[in-house]
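Below: the structure, in structure tokens.
Since we're looking at a predicted model, the values are computed, not measured. Reminder, nothing fancy here: chain letters follow the sequence lines and each chain counts from 1.
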Protein chains: 2
Amino acid sequence: MKLITRNTDYAMRALCYIAQQTKDSVPVTEMVKDLAIPRPFLRKILQTLSGEGMLDSYRGQGGGFSLSLSPSKIFITDLIKIFQNAIQLNECIFKKKMCPNRKTCLMKREMDSIEKDVLLRLSRISIASLISNGNGKRSNRERKEGRYGEA
Amino acid sequence: MKLITRNTDYAMRALCYIAQQTKDSVPVTEMVKDLAIPRPFLRKILQTLSGEGMLDSYRGQGGGFSLSLSPSKIFITDLIKIFQNAIQLNECIFKKKMCPNRKTCLMKREMDSIEKDVLLRLSRISIASLISNGNGKRSNRERKEGRYGEA
DNA sequence: ACAAATGATACTATGATAGTATCATTAAAA
DNA sequence: TTTTAATGATACTATCATAGTATCATTTGT
Ligand code: FES
Ligand code: FES
């Protein structure tokens, strides 16, 4: 019963890391040093993020990755969508088969409600909200713009 | 991202089913007919429940299973504990390794909080609460009318 | 030219989930 | 007492998601 898988989690942290750098772009080599994530795995994750438009990438020497979006506009739910399968807490096994009445099925109703709650709460966690407090310094960009986490 | 796996779900439904029977004990054969769960799988699940003290079992012809506890004292969290691994929504991957400060780690704090919420809500769902309304086996009338629920 | 980076893509490993399959034992009923 | 219908115990298999690895190609700054 895991809500967050490693690639999602790693992605979060990598994005936090990048957000906190002042450089124009951050290479994997550097992240690996600080984040202790297996290099090929992190590379794959970053490539995916790049493909999904969350990161801009720069090839060649001196290249690396930078955020495409403001840290306050990147939410953990975005990453879940990218890296994890269905956000679906229970599968409603007896679809058409036998549940007497899906509209009144308490099991389904409760699960749906819990799921809604979870997603709502997750959808409030942004990169900005994570780096704005305790998890490290704020970026220059944030400091300049006076942004404090939160959407 | 699944909160409830099949064995937990099947267990819930089987328990609901048993709770609704008037007989002293319900055999697997009968449950399989109505619940459309693969027989050997359901058998395994019920054996586990029996071993865990959720069901009493009666061997031999005319045997079967009956609830050991009142339906209002069987909660979905009990079943999750029995059938699923750790209830742990995120794994806190960077344990002692690198998280600047575990006490202030926002990621961890948020996840812990969400997890607590989910468990609280799940801990309120009992067999009794599920059978009190529309759920569980189809009534004789429904069976006669050939109604197969569905939304 | 070389070194340092990403892009693309295919492959492998592990573990959890979701089952199946058998044989042994018990107990009611014929 | 034999048959039959049930559970007990236990081992096996299949599938899928997660969690990675491994290579080669391409780009780009020095
Ligand atoms: S089982 Fe899916 S709606 Fe009741
Ligand atoms: S990463 Fe586990 S506490 Fe911050």
Taken to the nearest whole Å, CZ/A:R43 to C1'/D:dA25 is 11 Å
Check residues 116-125 of chain B and write down every donor-acceptor pair under 3.5 Å in which the side-chain atom is one partner and the other belongs to a residue at least two apart or another chain.
| unit_1 | atom_1 | unit_2 | atom_2 | d |
| --- | --- | --- | --- | --- |
| B:D117 | OD2 | A:R121 | NH1 | 3.1 |
| B:R121 | NH1 | A:S113 | OG | 3.3 |
| B:R121 | NH1 | A:D117 | OD2 | 3.1 |
| B:R121 | NH2 | A:S113 | OG | 2.6 |
| B:S123 | OG | B:L119 | O | 3.3 |
| B:S123 | OG | B:L120 | O | 2.6 |

Separation of D:dT18 atom P from A:I45 atom CD1, nearest Å, is 13 Å
Between A:S126 and A:P71, the two heavy atoms sitting closest are CB-O, 3.7 Å
At a 4.0 Å cut-off to heavy atoms of chain A, the contacted part of DNA chain C spans C:dA4 to C:dA8
From CD of A:Q47 across to C1' of D:dT27 the rounded distance in Å is 13 Å
Closer than 4.0 Å, any side-chain N/O of B:T29 to the OP1 or OP2 of D:dA6?
yes
Residues at least two apart in sequence or cross-chain that pass side-chain hydrogen bond (donor to acceptor under 3.5 Å, both in side chains) with B:K23, listed by chain then number, are B:E30
Ordered by number, residues from residues 48-61 of chain A within less than 4.0 Å of DNA chain C (heavy atoms) are A:S50, A:S57, A:Y58, A:R59, A:G60, A:Q61
Closest to the 5' end of DNA chain D, once A:F83 and B:G63 are matched to their nearest nucleotides, is B:G63
Contacts of B:K44 and A:V28 projected onto DNA chain C by closest heavy atom; the upstream (5') one is A:V28
Does A:G62 reach a base, just sugar-phosphate, or nothing at all? Heavy atoms under 4.0 Å.
nothing
Margin query: If we ignore hydrogens and angles and just use 3.5 Å, is the side chain of A:Q21 paired with the main-chain N or O of A:S66 as donor and acceptor?
Written below: no
**OP:** Could you check A:L55 against A:L67 for side-chain contact (heavy atoms from CB on, under 4.5 Å), going step by step and ending with a plain yes or no?
**Re:** CA-CA 5 Å; A:L55 289 175; A:L67 300 186; 3.7 Å; yes
By side-chain hydrogen bond (donor to acceptor under 3.5 Å, both in side chains), A:D78 pairs with (sequence neighbours left out) none
Of A:I127, A:I4, A:D9, A:L3, the one forming a side-chain contact (heavy atoms from CB on, under 4.5 Å) with A:I76 is A:I4
note: B:M31, atom CE; D:dA5, atom P; distance rounded to Å ~ 17 Å
note: B:F41, atom CZ; D:dA14, atom P; distance rounded to Å ~ 16 Å
Linking I/L/V/M/F/W/Y whenever their side-chain heavy atoms sit closer than 4.5 Å, directly or via other members, would A:Y58 and A:Y17 fall into one cluster?
no
Applied to residues 38-56 of chain A, the side-chain hydrogen bond (donor to acceptor under 3.5 Å, both in side chains) test, sequence neighbours excluded, yields A:T29-A:R39, A:D56-A:S68
